[in-house]
Amino acid sequence: MQELGRLDDLPLAYRESLGAQNLVPLWPSLRAVLPPGTPSRRTKPVMWSYEALRPLLMQAGELTPIEKAERRVLVLANPGHGLEKMQASAAMYLGMQLLLPGEWAPSHKHTPNAVRMIVEGEGAYTTVDGEKCPMSRGDLILTPTGLWHEHGHDGKDPVVWLDVLDLPLVYYTETSYAVEGKEQAVIGTCLERSYARGVVPSPVFSRGSSRQYPMLRYPWADARAALLSLAETQPAIEAVQVAYVNPENGGDCQNILGFSALMLRPGETLNLPARSPAMVFHLIEGGAEVAVEDQSFTLSPADTCCAPGYTPVTLKNRSASEPAFIFVADESPLHKKLGVYEVRA
Ligand code: GTQ
């Protein structure tokens, strides 16, 4: 590959004249912005141990009252991007949010999409556009772009959940903002519109439901049962994995990030090919090992790690007798919409 001219090959006076006109020569930076073959990635493989972060999160509960935080969150930041950027990857933001009994995180809506994966505690709920969604371990609750949401807690113990947002991407595109609102009037619970077992509003005599986000809560009990049944009824399947989809059209449940749950059968090792999207793994149950680049992470329940794109990942169940269950978030809907999605065999 041809070596290109460097910035300091150019006379200083010329460089100054360019700068004075807000002009920049491309060739000294061409290889950096269009690297050969594979993108450069700031995203590093990183793991966040729940055991290590939990006491710090509980300490935040003592140090900062909810009124002074609005959202009491410790951000899982990837040092590859710089901690202050609060990014797990180019498009993904991760945060562990704590709500104590009786606390309330007030209603707002914003342009980034969010999901919550419940990590521990019972009795909290998120109200999304008037629908009250109870939170239990492993449940996935959507708060898509533009929908009002607030969090409350009627239980006795601290509740913690993992927030996954596309905030870095939305912020980068200069489209990130929030609007504060009043406490929502609860018009129902999301339990009232269940899409379980393959029946949806019929599009034959009506246009189905007019909701863009027909399902806001994906109970863990249902996803777990689906994984177990998939493993049992399709033993030859490569990966025991279910996607969280819009049940009315089968598409991704949100616009930018994709979400799935994966079961590693006892003793299973799963080799994931290099794909363009970065990925996040959060262990719900069991024990797993995640190998990516030169790193190997040992995940216990509630541990979270991330992997950059364009690199293979190996997932290993640490138990020979019990399944392991992993929540996966990735950037594939975004990459597909951008036309840059790739799988490298
Ligand atoms: O719960 O609405 O982690 O607005 C970051 C921004 C959580 C939330 C975050 C948010 C929220």
Side-chain angles (χ1 to χ4, degrees), residues 46 48 50 53-54 56-58 60-61 64-78 81 83-100 102-121 123-136 139-153 155 158-184 186 190 213 216-218 253-257 259 280 282 302 304 306 327 329:
V46 187
W48 297 270
Y50 191 62
L53 77 79
R54 190 183 186 280
L56 297 168
L57 188 57
M58 295 302 149
T64 305
I66 193 70
E67 297 74 22
K68 288 285 176 199
E70 244 171 68
R71 299 295 192 264
R72 192 192 289 109
V73 175
L74 292 181
V75 179
L76 281 50
N78 192 315
H81 288 268
L83 298 181
E84 72 289 348
K85 290 280 168 56
M86 301 198 297
Q87 297 182 228
S89 71
M92 291 189 283
Y93 156 105
L94 301 173
M96 281 286 179
Q97 182 160 173
L98 169 67
L99 201 61
L100 295 170
E103 287 185 338
W104 181 65
S107 190
H108 71 181
K109 60 180 182 177
H110 40 67
T111 47
N113 298 274
V115 303
R116 338 272 160 189
M117 164 51 52
I118 317 312
V119 176
E120 72 164 80
Y125 56 87
T126 295
T127 304
V128 189
D129 258 8
E131 267 185 63
K132 195 167 172 174
C133 301
M135 299 170 124
S136 273
D139 291 351
L140 186 72
I141 294 173
L142 309 189
T143 56
T145 178
L147 269 56
W148 292 107
H149 56 280
E150 63 197 77
H151 315 295
H153 188 357
V159 165
V160 177
W161 63 83
L162 176 68
D163 291 313
V164 186
L165 281 79
D166 46 27
L167 179 61
L169 177 82
V170 178
Y171 185 78
Y172 175 73
T173 54
E174 300 186 346
T175 53
S176 180
Y177 70 96
V179 178
E180 287 184 31
K182 299 196 302 280
E183 185 166 354
Q184 298 170 68
V186 173
C190 61
Y213 299 98
L216 296 172
R217 175 176 179 266
Y218 297 75
C253 66
Q254 287 190 344
N255 287 328
I256 296 177
L257 301 181
F259 305 98
V280 163
H282 172 81
T304 306
C306 73
F327 169 64

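Every number for a ligand or one of its atoms is a count from 1 in the order of the listing. Numbers here simply count residues along the sequence, with the first being 1. Source: prediction; values computed, not measured.
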Original post:
Aromatic rings Phe259 and Phe327: how do their planes relate, parallel, tilted or perpendicular, breaks at 30° and 60°?
Top reply: parallel

**OP:** Check each atom of ligand 1 against the heavy atoms of Val73 and keep those under 4.0 Å away; list them by number with element.
**Re:** 3 (O)

Subject >> Nearest heavy-atom neighbours spanning Cys133 and Arg217 >> reply: CB-CD, 4.2 Å

Original post:
In the protein, what heavy atom is nearest to atom 7 (C) of ligand 1, and what distance, to one decimal place, separates them?
Top reply: Asp163 OD2, 3.3 Å

**OP:** Look at the rings of His108 and His110 and say which category their plane angle falls in: under 30° parallel, 30 to 60° tilted, over 60° perpendicular.
**Re:** perpendicular

Original post:
Going by the order shown, which atoms of ligand 1 are within less than 4.0 Å of some heavy atom of His108?
Top reply: 2 (O), 4 (O), 8 (C)

**OP:** Compare every heavy atom of Ser107 with every heavy atom of Gln184, then report the nearest pair and how far apart it is.
**Re:** NE2-OG, 3.5 Å

**OP:** May I have the step-by-step check of side-chain hydrogen bond (donor to acceptor under 3.5 Å, both in side chains) for Arg116 and Thr143, ending in yes or no?
**Re:** CA-CA 8 Å; Arg116 338 272 160 189; Thr143 56; 2.9 Å; yes

Original post:
If you measure from each heavy atom of His151 to ligand 1, is any distance below 4.0 Å?
Top reply: yes

**OP:** Just need the protein heavy atom nearest to atom 6 (C) of ligand 1, so name the residue and atom and give the distance.
**Re:** Leu165 CD2, 4.0 Å

**OP:** Taking only heavy atoms of Gln97 into account, list the atoms of ligand 1 that are under 4.0 Å away from them.
**Re:** 1 (O), 7 (C)

Subject >> Within 6.0 angstrom of Glu84 CD, more than 12 heavy atoms from elsewhere >> reply: yes

**OP:** Give the residue and atom name of whichever protein heavy atom lies nearest to atom 5 (C) of ligand 1, and the separation in Å to one decimal.
**Re:** Tyr93 OH, 3.4 Å

**OP:** Give the numbers and elements of all ligand 1 atoms closer than 4.0 Å to a heavy atom of Arg116.
**Re:** 1 (O), 2 (O), 7 (C), 8 (C), 11 (C)

Original post:
Starting from atom 8 (C) of ligand 1, which protein heavy atom do you reach first, and at what distance in Å?
Top reply: Arg71 NE, 2.9 Å

Subject >> Check: Pro144 main-chain N/O paired with Asn113 side-chain donor or acceptor under 3.5 Å >> reply: no

